[in-house]
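Since the structure is predicted, the reported quantities are computational estimates derived from the model, not experimental observations.
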Amino acid sequence: GESVGLHLPTLSVQEGDNSIINCAYSNSASDYFIWYKQESGKGPQFIIDIRSNMDKRQGQRVTVLLNKTVKHLSLQIAATQPGDSAVYFCAETFDYKLSFGAGTTVTVRA
Amino acid sequence: DAGITQSPRYKITETGRQVTLMCHQTWSHSYMFWYRQDLGHGLRLIYYSAAADITDKGEVSDGYVVSRSKTENFPLTLESATRSQTSVYFCASSRTAATNEKLFFGSGTQLSVL
């Protein structure tokens, strides 16, 4: 089975609202986490990453939060736009391996 | 900046045929990877390479062969294609090990095995 998973396979968001995408991981030894965005017909694109010695990292309109106590990772997208519609994957690194979750499909409503 | 390119974009083949998917990167990244993406499974690692002439198996390597004679190229060969190998294949690269740094992905090859 997979050690990385997303709580919801789909998420529908009103344009302009904030989006929160969640991810649970099972291995407490994981030390590096990455969020990828995959648009239809394209390969995954890096969004943001975070290492286990941090609990928050901000990028442009995106924030990643890491809660090691409950082994939870989230991606927050501020002021969601139509271009944010995509599948979002979290990935974790443990035992020198990178493991991807199944993804959450985000749909932005106009 | 060409980045990482895959070819062909789409491929239809028949069971038992040999198929080679191409991957080329222009960044001189040491590490290259092949993943397959299937519904319900996310991205699964087929093979990876840490440098030219160094390759290693991933979690779903059976039925696949890779080579890396040059740093910039990492072709993936299906020696005798099966229907279960119908999938979208992504090549990726990174400057250092994927466990320490983000991957850059190609646009994918959609392979159908009839």
Exercise for the section: Give, as side chain, backbone, both or neither, the part of A/Q45 having an atom under 4.5 angstrom from any heavy atom of chain B. Expected result: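 No part of A/Q45 comes within 4.5 Å of chain B.
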Between [X] and [Y], is there shared hydrophobic-cluster membership here, with clusters defined by ILVMFWY side-chain heavy atoms closer than 4.5 Å?
{"X": "A/L65", "Y": "A/I47", "result": "no"}
{"X": "B/V88", "Y": "B/F105", "result": "yes"}
{"X": "A/V108", "Y": "A/I20", "result": "no"}
{"X": "A/W35", "Y": "A/M54", "result": "yes"}
{"X": "A/I48", "Y": "A/L73", "result": "yes"}

Handout entry: Contacting region of B/Q37 [heavy-atom separation from chain A under 4.5 Å]
Key =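 For B/Q37, the side chain is the part near chain A, not the backbone.
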Handout entry: Rounded distance (nearest 0.5 Å) linking atom OH of B/Y35 with atom CG of A/L98
Key =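 Going from OH on B/Y35 over to CG on A/L98, the span is 4.5 Å.
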Exercise for the section: Drop me the distance from B/K102's NZ to A/Y36's OH, to the nearest 0.5 angstrom. Expected result: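 Spacing of NZ (B/K102) from OH (A/Y36) equals 8.5 Å.
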Problem - For the student: nearest non-hydrogen atoms of B/F90 and A/Q38, plus distance - result: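 So the two residues come closest at CZ-NE2, 3.2 Å.
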